[in-house]
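A short worksheet on the structure shown next.
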Amino acid sequence: MSSIADQPCYTLINIPTDSEPLNELQLKQDLEKGDVNVKIDALKKTINMIMSGERLPGLLMTIIRFVLPLQDHTIKKLLLIFWEIVPKTTADGKLLQEMILVCDAYRKDLQHPNEFVRGSTLRFLCKLKEPELLEPLMPAITACLEHRHSYVRRNAVLAIFTIYKNFEFLIPDAPEQISKYLETEQDMSCRRNAFLMLLHADQSKALSYLSACLDQVPSFGDILQLVIVELIYKVCLANPSERARFIRCIYSLLNSPSAAVRYEAAGTLVTLSSAPTAIKAAASCYIELVVKESDNNVKLIVLDRLISLKDSPNHERVLQDLVMDVLRVLGSPALEVRTKTLALAMDLVTTRTIEEMVQLLKKEIVRTSGGEQEDAGKYRQLLVRTLHSCSIKFPEVAATVIPVLTDFLAESSEAAANDVLVFIREAIQRFENLRPLIIEKLLEAFPQIRSVQVHRGALWILGEYATSKEDIETVMARVRSVLGELPLVEAENKRQAGDKPPEEEEGSQAAPAQLVTSDGTYATQSAFSSASSGKKEEKRPALVQYMMDGDFFISAALATTLAKLALRYKELEKDGKKSKRMQAESMLIMSSLLQLGRSGLPSKAITHDDAERISLCLRSLACPTPLVQKVFTEGCRDALGKMLTAKAEEESQNQKAKEKPGNIVQVDDPIQFLQLNKSSDLTGGAGDVFEQSLSAAVAGRSGGEKEAPAPSALSKVTQLTGFSDPVYAEALVHVNQYDIVLDVLIVNQTEDTLQNCTLELATMGDLKLVERPQPIVLAPRDFASIKANVKVASTENGIIFGNIVYDVSGAASDRSVVVLNDIHIDIMDYIVPATCTDAEFRQMWAEFEWENKVSVNTTLSDLREYLAHLLKSTNMRCLTPEKALSGQCGFMAANMYAKSIFGEDALANLSIEKPLNKPDAPVVGHIRIRAKSQGMALSLGDKINSAQKTAQSKVVQAA
């Protein structure tokens, strides 16, 4: 027995579940003897009862006799809903006799003087599936095509279209009638409906009408233009020789006032023509849409279309000429839109347009220097990375980019400054001719740097690439100036005591100033400063301030830089006195750093590692050896060169992997005929051919690509009750991004009729039940399917639980309850592998406050095998390069990253080891998980623990 819920439904009604039980006899009396308001209320209750599964056959004749003749518009609206849902046939499928009376009422409503009643009735007739009811009404429906009001005419066209599609024998000449009607109709919505019918019913007549008014298409309304675009596409796809006839019309629609029409016309133009002029016109249309539309979702969708166009080898060359137009999209305030735009521009830029692009990006940097926008810092960082890529890809523009980027070193945003340092490090290694310029600009910006991390990177670059005597002396002088007075401990004691440095004490009495008085004579004015008068503490130099705050890593970096400079200066300078003076000055600074770290003045003492590093640099200068000198002066630069080479190789491999292979067709491959596909019709166009072909053309997917087979639906079935329970239930869980759809099968295993059988669900976690399933009636041994929707708001382990309650017909006992098993929602359905740079990983690791440490508990004995099992179980991606994981040392450390569909980030650090002398010993260690939310960290930890148990059980079974 099929339930009411399985039948087609066109109208959604809110049915209250907490109302009192309804009495059929009372409803009958209200429908017979009540006034209009009472009858309206009774009719609503009747509709609710039928929607809940009640049949109520005794009320049908009552409604026909006492409610149907009324002329109240509210009652007429409710009656249309009632006739839509009420059973119209007997058990053997024959039409009820009472429906003949209803049919007469339909005819009267189709001739009603009120246009709303006529139009509503015509819309209702589109939902009828009984030809016996429609046949007597055909003359009245056709007569509505000549009604004075457009609302009636357009609904009459829809009714004729639906009836012709479902029951063609009722009106076989419908295409001819609509074709004649279309020639005289002036209302745009009516013409759209009529043209849509001809498009699907008789394309030749639609084509004839379009040919007759082809020059008038740009003046049509957007709703009609959209249908015309669809017709042109289908005609040109079936008959390519027609393209020249209609391509001009598509071109004209690219200038339509409607954004939707322009978007569809551009997509159709791409699929119908691969000529450079057509591709350029379509791409320009897309760009205009992105620039002018205010909705960010629209911008992202159209940008995806442009990116797909770019992926086609034939189209990329055309789009390269439009790169400056693409950059107009940077006017959007949305960071995601800007990110996609810059990525697209980087793929399209060539040697002809790189200069213009760099100039525009420099203007963007100046424009965003105020930082009024919310994401101004992230946008500036994005611009820095883009200019970095431009300089590496096109070395000729590096000289103009470097002066702009070095200004970022003094930015308060540490992220942008770090990106600039990464660029400078790579540029100074790759471009030898630019090294003097980079050193000069870096020395200019060095005193204004505000971040300890940026200072460390700048010191390393200066120490590594200051290779001439003049550069080394300049760097040394700049280091002395930013450190201040030496030794540092004495200078700090004086500063805390309120004494001025020597150069300021000498000038405590300011130099006399000569002033001119009002009578023209000269006067002398002196100013005296007192150390005790301003008790304010002297501001420390930046490098000293870092160390006073306890960060002595900068001191180790400074010592390494000084050692490199002194050893390199020793090779270059022939004068022994100068060389030894440089060496002694460097050793003085190093010893002063050590003394400050152990003096107790800073907030934290120097660490053992930093002290050891400074001592090593001191020993290397005191007793230099050829090996030490080679390590300091050459080793670091060689390591950087190897790292950049490996990075370039990795990027090249990734680029090759992204490139789509050519569409190679084997001689024995079967030929696919569109007309023979299951989803196609005899006219040569499938119902969804338009979307499929458009997506294939824009996305550049080859026809030979094979999609991965869909996983079996049975893997998602969860048994909710036992086989011996009176009601058996099982659920099929469909996960669709933010929604979970539960398709619950309920089987009545008893010989009783179950009344008000209700599926009651509740959720735990960040899940929300959208609507409660409605009660149903189950006959003996009957079954039914109930759907329930659950909204998901975040990536957490969620649980859905509940029970089934029902009443047994004729039983005096209370309601029976069957408790359901819990449904556990797997977070892996929402987590996808993602990638990020090392800098971004470290930044997120420092920002995220929730950490979950999971101990490794497994029987696996191979480090690589455990990592592979972990990545497969958690949907995470390993960020550590393959070369760093190669080899066998008994220890492995790897970073992993994943992202949820809700935009949540999940970071993980794996640290595992195994004794080399015990080859069969299991892997030990731990996994640290960091996330922005507590639920994400805990849920991922639970998943790792369960994955470890699964691996153990498999090993035990294999043993």
Side-chain angles (χ1 to χ4, degrees), residues 247-248 250-364 367 379 382-383 385-387 389-390 393-394 396-397 655 658-660 694-695 697-700:
I247 202 79
R248 185 180 301 173
I250 294 294
Y251 268 108
S252 66
L253 291 179
L254 292 178
N255 300 318
S256 171
S258 169
V261 174
R262 296 201 303 273
Y263 177 77
E264 294 295 340
T268 303
L269 187 61
V270 170
T271 60
L272 297 184
S273 175
S274 58
T277 53
I279 301 303
K280 186 174 183 179
S284 301
C285 181
Y286 281 144
I287 294 171
E288 288 297 323
L289 283 173
V290 181
V291 172
K292 293 182 179 179
E293 284 298 315
S294 58
D295 190 347
N296 286 333
N297 292 324
V298 174
K299 291 178 182 288
L300 293 173
I301 290 171
V302 182
L303 274 174
D304 287 337
R305 290 290 194 188
L306 281 170
I307 293 171
S308 302
L309 269 179
K310 180 263 304 179
D311 291 338
S312 176
N314 299 328
H315 301 161
E316 184 176 7
R317 190 173 301 173
V318 179
L319 290 177
Q320 286 174 352
D321 297 333
L322 300 174
V323 63
M324 297 309 296
D325 292 331
V326 171
L327 288 174
R328 290 165 53 200
V329 185
L330 292 177
S332 170
L335 183 64
E336 189 175 2
V337 174
R338 288 170 163 175
T339 304
K340 279 195 172 185
T341 303
L342 287 174
L344 176 61
M346 275 305 305
D347 292 336
L348 296 177
V349 69
T350 61
T351 52
R352 292 183 290 107
T353 55
I354 184 62
E355 292 285 349
E356 293 180 76
M357 180 173 169
V358 168
Q359 293 298 326
L360 189 143
L361 295 179
K362 288 161 67 174
K363 291 179 181 178
E364 278 293 302
R367 188 173 66 85
Y379 180 44
L382 190 62
L383 291 172
R385 293 180 180 178
T386 306
L387 285 172
S389 303
C390 290
K393 192 174 180 181
F394 303 96
E396 61 270 18
V397 300
Q655 188 66 26
K658 289 180 181 178
E659 294 177 358
K660 298 182 178 179
L694 182 61
S695 300
V698 175

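We're numbering straight along the sequence, starting at 1.
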Evaluation steps, side chain to side chain contact (heavy atoms under 4.5 Å, CB included), between Ile301 and Tyr263:
CA-CA 10 Å; Ile301 290 171; Tyr263 177 77; 3.8 Å; yes
Evaluate the criterion side chain to side chain contact (heavy atoms under 4.5 Å, CB included) for residue pair Tyr286 and Leu303; output intermediate values, then yes/no.
CA-CA 8 Å; Tyr286 281 144; Leu303 274 174; over 6 Å; no
Show your reasoning for whether side chain to side chain contact (heavy atoms under 4.5 Å, CB included) applies to Ile247 and Leu269.
CA-CA 8 Å; Ile247 202 79; Leu269 187 61; 3.6 Å; yes
Begin with the C-alpha distance, continue with both residues' side-chain angles, and end with the deciding distance and a verdict on side chain to side chain contact (heavy atoms under 4.5 Å, CB included) for Phe394 and Val349.
CA-CA 10 Å; Phe394 303 96; Val349 69; 3.6 Å; yes
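Of all non-hydrogen atoms in Ala345 and Val323, the two that sit nearest each other are O-CG2, 3.8 Å. Taking all atoms of both residues into account, the shortest heavy-atom contact from Ala265 to Leu253 is CB-CB, 4.0 Å. When all heavy atoms of Ala259 and Leu289 are compared, the closest pair comes out as CB-CD2, 3.7 Å. The two residues Ala283 and Leu306 have their closest heavy-atom pair at O-CD2, 4.0 Å. Across all non-hydrogen atoms, the minimal contact from Ser273 to Ile279 is O-CD1, 3.7 Å.
Between the CD1 atom in Ile307 and the CG atom in Leu300 there is a gap of 9.0 Å [rounded to 0.5 Å]. Note that CG of Leu319 is 5.5 Å distant from CG of Leu309, once rounded to the nearest 0.5 Å. For the atom pair CG (Leu335) and CG (Leu382), the distance works out to 6.5 Å, reported to the nearest 0.5 Å.
With hydrogens and angles disregarded, a donor-acceptor distance shorter than 3.5 Å links the side chain of Tyr251 to the backbone of Ala278. Checking side-chain atoms of Lys299 against main-chain N and O of Glu293 turns up a donor-acceptor pair under 3.5 Å. In this structure, Ser389 contributes its side chain and Arg385 its backbone to a donor-acceptor pair below 3.5 Å. Put simply, the side chain of Arg338 gets close to the backbone of Ser332: a donor and an acceptor are under 3.5 Å apart. In this structure, Thr268 contributes its side chain and Glu264 its backbone to a donor-acceptor pair below 3.5 Å. In this structure, the side chain of Lys393 engages the main chain of Met346 through a donor-acceptor pair within 3.5 Å.
Contacts classified as side chain to side chain donor-acceptor pair (under 3.5 Å) and involving residues 253-262 (residues at least two apart or in different chains) are given here: Gln225-Ser256.
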Identify all side-chain donor-acceptor contacts of residues 353-363 below 3.5 Å with residues at least two apart in sequence or on another chain.
residue : atom : partner : partner atom : Å
Thr353  : OG1  : Thr350  : N            : 3.1
Thr353  : OG1  : Thr350  : O            : 3.4
Thr353  : OG1  : Thr350  : OG1          : 3.4

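Environment of CZ in Arg328: crowded, with over 12 heavy atoms of neighbouring residues, nucleotides or ligands closer than 6.0 Å.
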